[in-house]
Amino acid sequence: SSDLLGSISNQISLLLENREINTGESDLNNLRFNKLNDDLYLIYTLCDYIENYDKEVDNLRLVVIDPLGGALGGEDTSGYNYFKDYNLLIDLQQLALHLNICVLVIHHTRKMDAKNPIHKVSGTQGLTGVAQAIWVLTRDPASTKGTLFVTGREIEEKSYSLNFNKQYLEWEYIGEKLVLDLTPERE
């Protein structure tokens, strides 16, 4: 687990290495990585863990759960349904509101294509039903081009064209994607 955390820290150092950004040591000292282990689930729920972690650190603002499946530990996912997915994320949402933090949940898309980008999210619609905002990044594995679809309760639905910059390991904005309503024959 310390190898994984070291790897993440090294990746962030690489991302910042060639940048002209103003980050002081204090900014980077506030950046923490925790990897949950399977034993955690015998004692805490994910929400309990975040709430306890908030008590340990000053000014917690952002929790990134990457990927959601990894945070579920050894939980049996075979019986998943809309209500189970919804309840999982509603607890996180209520905790985020209570602690005044942002919880960013990263989840995989499914392999099967779908016309509506929200339907590309793996699992039931219970996962997307709770979220305040949903971002779906799709790309052709053989290309550096991608599309970021953004929607939410207080966000105008839009799609953006992106390009992956291999040097900086980041997605670069190309422009707003023009979405055409095509007839089935033209698709």
Side-chain angles (χ1 to χ4, degrees), residues 4 8 11 15 33-36 38 40-41 44-51 61-165 169-182 184 187:
L4 174 67
I8 294 171
Q11 288 176 10
L15 288 171
F33 300 96
N34 287 338
K35 179 174 183 335
L36 306 181
D38 291 338
L40 170 77
Y41 298 100
Y44 295 117
T45 67
L46 182 58
C47 289
D48 290 335
Y49 180 82
I50 293 169
E51 195 162 20
R61 292 283 143 237
L62 172 67
V63 173
V64 179
I65 300 170
D66 181 13
L68 175 61
L72 297 176
E75 192 172 323
D76 177 19
T77 58
S78 62
Y80 262 48
N81 61 43
Y82 177 90
F83 296 106
K84 192 170 185 180
D85 286 350
Y86 185 89
N87 288 333
L88 170 72
L89 290 187
I90 199 72
D91 289 345
L92 282 171
Q93 183 186 60
Q94 289 171 351
L95 179 64
L97 292 170
H98 171 71
L99 297 177
N100 195 29
I101 61 172
C102 174
V103 176
L104 175 63
V105 176
I106 299 174
H107 191 52
H108 293 279
T109 53
R110 59 192 184 114
K111 304 261 186 266
M112 191 183 321
D113 198 20
K115 192 170 188 173
N116 183 336
I118 292 175
H119 296 152
K120 292 180 182 181
V121 176
S122 182
T124 72
Q125 296 305 300
L127 294 174
T128 56
V130 175
Q132 293 293 317
I134 301 164
W135 295 15
V136 178
L137 177 63
T138 57
R139 69 176 181 89
D140 177 353
S143 171
T144 60
K145 304 282 186 236
T147 300
L148 178 64
F149 170 80
V150 179
T151 190
R153 291 192 173 95
E154 298 176 14
I155 299 172
E156 183 180 348
E157 189 171 292
K158 291 195 176 199
S159 291
Y160 302 96
S161 294
L162 306 175
N163 185 57
F164 187 72
N165 181 319
L169 305 173
E170 69 182 10
W171 287 97
E172 297 173 335
Y173 173 77
I174 296 172
E176 197 168 325
K177 190 168 181 102
L178 181 60
V179 179
L180 300 175
D181 289 328
L182 299 177
E187 287 184 336

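These figures come from a predicted structure and were not determined experimentally.
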Which pair of heavy atoms, one from Val103 and one from Ala96, lies closest together, and at what distance?
-> CG2-CB, 3.7 Å
Look up atom CG in Asp91 and atom SG in Cys47, then write down how far apart they are to the nearest 0.5 Å.
-> 5.0 Å
How far apart are the closest heavy atoms of Ile90 and Asn87, and which atoms are they?
-> CG2-O, 3.3 Å
Test item: Arg139 side-chain N/O and Asn163 main-chain N/O as donor-acceptor pair under 3.5 Å | no
So which heavy atom on Leu99 is nearest to which on Arg61, and how close?
-> O-NH1, 4.3 Å
State the CG-OG1 distance between Asp140 and Thr147, to the nearest 0.5 angstrom.
-> 10.5 Å
OG1 (Thr128) and CG (Asp85) are apart, to the nearest 0.5 Å, by 9.0 Å
With rounding to the nearest 0.5 Å, note down the distance linking NE2 in His119 to CE in Met112.
-> 12.5 Å
Please indicate whether Trp171 has more than 12 foreign heavy atoms, meaning atoms of other residues, nucleotides or ligands, lying under 6.0 Å from its CH2.
-> yes
Within 6.0 angstrom of Glu156 CD, more than 12 heavy atoms from elsewhere = no
Any idea which heavy atoms bring Leu127 and Leu89 closest together, and the distance?
-> O-CD1, 3.2 Å
Among Val150, Leu104, Ile106, find the residue that satisfies the side chain to side chain contact (heavy atoms under 4.5 Å, CB included) test when tested with Trp135.
-> Val150
Before giving the answer on side-chain contact (heavy atoms from CB on, under 4.5 Å), spell out for Ile118 and Phe149 the whole-Å C-alpha distance, their side-chain angles and the decisive distance to 0.1 Å.
-> CA-CA 9 Å; Ile118 292 175; Phe149 170 80; 3.9 Å; yes
Taking the side chain as every heavy atom from C-beta outward, state whether Gln125 and Tyr86 have any atom pair closer than 4.5 Å.
-> no
Calculate, to the nearest 0.5 Å, the distance between atoms OG1 and CG belonging to Thr138 and Asp113 respectively.
-> 8.5 Å
Closest heavy-atom pair, Ile50 versus Ile65, reported as atoms and distance to 0.1 Å, is CD1-CD1, 4.4 Å
CG/Leu68 to NE2/His107 distance, rounded to the nearest 0.5 angstrom?
-> 5.5 Å
Heavy atoms only: give me the nearest Arg153-Gly129 pair and the separation to one decimal.
-> NH2-O, 2.9 Å
Do Thr124 and Lys84 come within less than 4.5 Å of each other through their side chains, counting heavy atoms only?
-> no
